[in-house]
2 protein chains.
Amino acid sequence: MSSLAEVARRAGVSKATASRALSGAAHVSPAAKERVAAAAAELGYVVSSTAASLVTGRTKNVGVITPFINRWFFAEVLEGIEGALIKAGYDLTLFRLPSEPEQRSRLFHYFLVRKRVDAIVCVGVELAPSEVQLIQALRRPAVGIGGAIPGITTMCIDDEQASRLATRHLIGLGHTRIVHVGGDLDAQLDFHVHARRLAGFRAALDDAGIEHPDDFRPTTFSVPGGYEAAMALLADPESRPTAIVAGCDEIAIGAITAARQLGIVVPSGLSVVGIDDHPYAAMFGLTTVRQRPGEQGEQAVDLVMRAMTDVDADLPPRAIDIPIDLVVRTSTTAPPPS
Amino acid sequence: MSSLAEVARRAGVSKATASRALSGAAHVSPAAKERVAAAAAELGYVVSSTAASLVTGRTKNVGVITPFINRWFFAEVLEGIEGALIKAGYDLTLFRLPSEPEQRSRLFHYFLVRKRVDAIVCVGVELAPSEVQLIQALRRPAVGIGGAIPGITTMCIDDEQASRLATRHLIGLGHTRIVHVGGDLDAQLDFHVHARRLAGFRAALDDAGIEHPDDFRPTTFSVPGGYEAAMALLADPESRPTAIVAGCDEIAIGAITAARQLGIVVPSGLSVVGIDDHPYAAMFGLTTVRQRPGEQGEQAVDLVMRAMTDVDADLPPRAIDIPIDLVVRTSTTAPPPS
DNA sequence: TTGTATGCGTTATCAG
DNA sequence: CTGATAACGCATACAA
């Protein structure tokens with residue numbers, strides 16, 4: 001309510017010094033600084049960020065675009081971003097990317113363009129070239145998380161490597177009849193995660209010289225998805241694999257649940273390995289490949305922050321790899337003697 | 001990049017008419033409107049929302065405060081809010097309420113006060129009186145979701161009623177040895193949901209004249225929480241209850257998982273009922289009390305929108321009840337003959 | 001219907 | 001170290 005002018009008057013200084021005293025940018029005599037601070041406190045003064053933005057051109061606000069809020073990976077990344085942003089004094093404007101093309105375009109042409117964000121973080125979104133252009137036209141630093149976007153700095157795990165790691169672990173235990181229960185290839189609105197995880201799985205089998213006909217069951221990236229796919233897959237004891245590489249932990253958990261329901265003991269009757277290290281993984285004893293989405297979010301913020309402060313130190317155009325590691329628990333063991 | 005002035009010049013009109021033509025607020029001759037629109041399109045013009053905010057005092061932006069992003073209920077509410085906001089042309093600024101008091105206070109005194117939001121939605125946050133005052137001092141409409149906040153319009157389900165409904169269902173099936181596995185009473189940073197659900201549970205037993213010593217197992221509101229508590233609770237076949245009322249579906253799912261692991265068949269050996277209707281509930285056949293968090297979010301947005309547009313039609317101070325209903329699936333049945 | 005002029009609350013650029 | 005003063009980009013009251 002109260003403006004800088006009032007504070008200045010009360011402190012007996014000009015608006016300019018009041019501004020300087022409060023922002024701490026320039027040198028102000030301790031006495032003046034003191035008086036301004038007191039006046040501001042008494043009046044309950046707080047800067048109008050809109051006014052400040054108007055003149056500085058910076059909003060202290062970054063936009064985050066994500067297709068989902070309600071999925072573990074995305075929510076986790078979001079939390080990481082939010083924490084890092086708050087720490088830096090920035091607001092976070094959240095945009096959920098709609099699946100309908102029309103609304104999606106509205107997001108880009110209406111919301112994103114309002115000059116309200118100093119930077120953009122895209123999580124798990126694959127951007128069309130035209131969309132990338134649009135973002136670049138904003139002349140604001142942008143980074144992606146979850147997969148490579150040509151033209152934009154992105155950070156992600158090597159999905160192919162992740163599933164290869166998981167598969168190798170099973171092969172190392174002696175498994176040869178392994179099936180990948182992963183994301184539907186047609187339904188990857190996000191990156192080609194599904195395809196890449198499938199590819200890594202197959203590469204590992206190829207590397208080991210293992211045949212793999214009928215090696216893939218597509219489903220949705222969720223516990224129920226894994227449950228249903230596993231129910232179908234495991235129904236016939238004859239054709240049943242000895243191990244499953246799940247596309248993510250949620251699928252793995254669904255598969256374990258299905259196995260239990262069918263009376264199959266995990267891991268002696270069936271080994272299951274996931275990808276993510278979901279908070280529920282430990283409870284299910286799930287062996288998995290850990291990625292830390294929260295940290296990915298924090299790092300993304302670091303990146304845009306640096307790009308904003310450092311004299312336009314351009315972002316590295318290359319994708320940045322996030323480390324992953326295998327967490328062995330109790331859902332995997334050697335296959336049963338056939 | 002391009003300003004209103006440039007558009008005006010290109011269209012051969014004044015800034016004022018250009019502004020009017022674009023906002024559509026006042027009457028502009030069709031010809032002029034046409035020319036302005038064309039000029040704007042050619043230049044790729046888009047309003048500077050900061051400049052507009054500075055003069056109008058409205059930001060087209062609402063703040064959302066929530067303690068968690070990564071929990072089903074909260075994420076779901078958030079999605080509902082986001083969708084409704086986007087539809088109305090508003091941005092959503094997300095604030096995660098930190099658990100540390102110091103940072104929490106920073107949120108209120110630094111972030112919230114920057115005059116950047118036209119309204120506030122608090123989800124699952126219990127506000128201290130001083131915090132309520134602070135929000136009221138902003139003179140912006142505010143609504144809460146998830147529990148009553150004195151002084152602020154809130155929408156929530158009747159938690160006591162929800163667990164009473166769940167408990168009555170079990171009693172109706174003939175159960176008398178029922179335990180509530182719910183949220184820890186010390187750990188309810190959000191509302192007193194835990195306590196209220198426990199109270200409803202006990203009230204239902206009292207109503208039916210059923211004794212209930214040792215009727216409560218506190219745990220965390222999560223699948224692993226339910227799992228661990230149920231593992232301990234069900235270990236001893238002698239003292240085992242015939243039914244569990246879970247504080248939420250996640251706990252219920254953890255409990256079902258634990259039961260299965262212990263060889264207890266659900267529901268013939270143990271009935272379990274939850275609260276929420278979590279997306280995983282169906283897969284576990286979980287009988288539960290449904291609440292629709294997404295709709296709660298949408299309704300909250302409706303409310304603040306109305307308060308913002310309608311000539312300061314004040315928000316109803318009373319809490320608004322959200323309907324709930326019992327969804328009977330396959331996790332509940334009559335108790336086994338003792 | 002249109003144009004002119006003013007102000008929104010800051011920060012930044014100068015002199016002093 | 002401090003004080004005028006000019007932007008920043010837009011919306012609106014008022015006059016035409």
Side-chain angles (χ1 to χ4, degrees), chain A residues 1-37 39-40 43-61 89 91 110 113-118 138-140 308-309, chain B residues 1-37 39-40 43-61 89 110 113-118 138-139:
Chain A
M1 242 33 192
S2 54
S3 68
L4 183 63
E6 301 178 45
V7 175
R9 196 183 326 135
R10 193 183 188 98
V13 298
S14 71
K15 288 197 301 179
T17 32
S19 172
R20 284 188 284 246
L22 290 170
S23 69
H27 286 262
V28 178
S29 73
K33 187 175 274 178
E34 180 82 9
R35 288 212 311 283
V36 171
L43 290 159
Y45 169 78
V46 26
V47 244
S48 159
S49 56
T50 44
S53 295
L54 186 56
V55 43
T56 60
R58 336 175 77 263
T59 60
K60 285 264 189 182
N61 183 55
D91 281 354
Y110 176 61
V113 180
R114 290 204 254 179
K115 299 164 188 167
R116 290 215 217 181
V117 295
D118 291 343
L138 297 176
R139 308 216 142 281
R140 300 260 180 277
M308 291 171 53
T309 56
Chain B
M1 239 39 191
S2 54
S3 67
L4 182 63
E6 301 179 45
V7 175
R9 194 182 328 135
R10 192 182 189 98
V13 299
S14 71
K15 290 197 300 179
T17 30
S19 171
R20 286 187 281 246
L22 291 170
S23 70
H27 286 259
V28 179
S29 72
K33 187 176 277 180
E34 180 83 10
R35 288 213 310 285
V36 171
L43 290 161
Y45 169 79
V46 25
V47 242
S48 159
S49 56
T50 44
S53 295
L54 186 57
V55 43
T56 60
R58 337 175 77 263
T59 61
K60 285 263 189 185
N61 183 54
Y110 177 62
V113 178
R114 291 205 255 180
K115 299 164 187 166
R116 290 217 217 179
V117 295
D118 291 343
L138 297 177
R139 308 217 141 281

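Letters go in sequence order (proteins before strands), and every chain restarts at 1. Side-chain atoms are counted along with the backbone in the values below, which use heavy atoms only and exclude waters and symmetry mates.
- When distances are taken from the side chain of B:Ser19 to each of C:dT11, C:dG9, D:dA11, the shortest belongs to D:dA11.
- Taking atom NZ on B:Lys115 and atom P on C:dC8, their separation rounds to 13 Å, with Å as the unit.
- Distance from the side chain of A:Ala32 is smallest for D:dT2 among the nucleotides D:dT2, C:dT10, D:dG9.
- Listed nucleotides D:dG9, C:dA12, C:dG9 differ in distance to A:Thr56; the shortest reach to its side chain belongs to C:dA12.
- When rounded to the nearest whole Å, the span between OH of A:Tyr45 and P of C:dG9 equals 10 Å.
- Of the candidate nucleotides C:dG9, D:dT2, C:dT1, D:dT2 has the atom lying nearest to any side-chain atom of A:Val28.
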Begin from the C-alpha positions of A:Lys60 and A:Asp118 and carry the test salt bridge (Lys or Arg N to Asp or Glu O under 4.0 Å) through to its verdict. CA-CA 7 Å; A:Lys60 285 264 189 182; A:Asp118 291 343; over 6 Å; no
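- Considering only the side chain of A:Val55, D:dA7 comes nearest among D:dG3, D:dA7, C:dC8.
- Residue A:Ser14 places at least one side-chain N or O under 4.0 Å from the OP1 or OP2 atom of D:dG3.
- Side-chain contact check for B:Lys33 versus B:Leu22: every heavy-atom pair is 4.5 Å or farther apart.
- Between A:Ser29 and the phosphate of D:dT2, there is a side-chain N or O to OP1/OP2 separation shorter than 4.0 Å.
- Of the candidate nucleotides D:dT2, C:dG9, C:dG3, C:dG3 has the atom lying nearest to any side-chain atom of B:Thr17.
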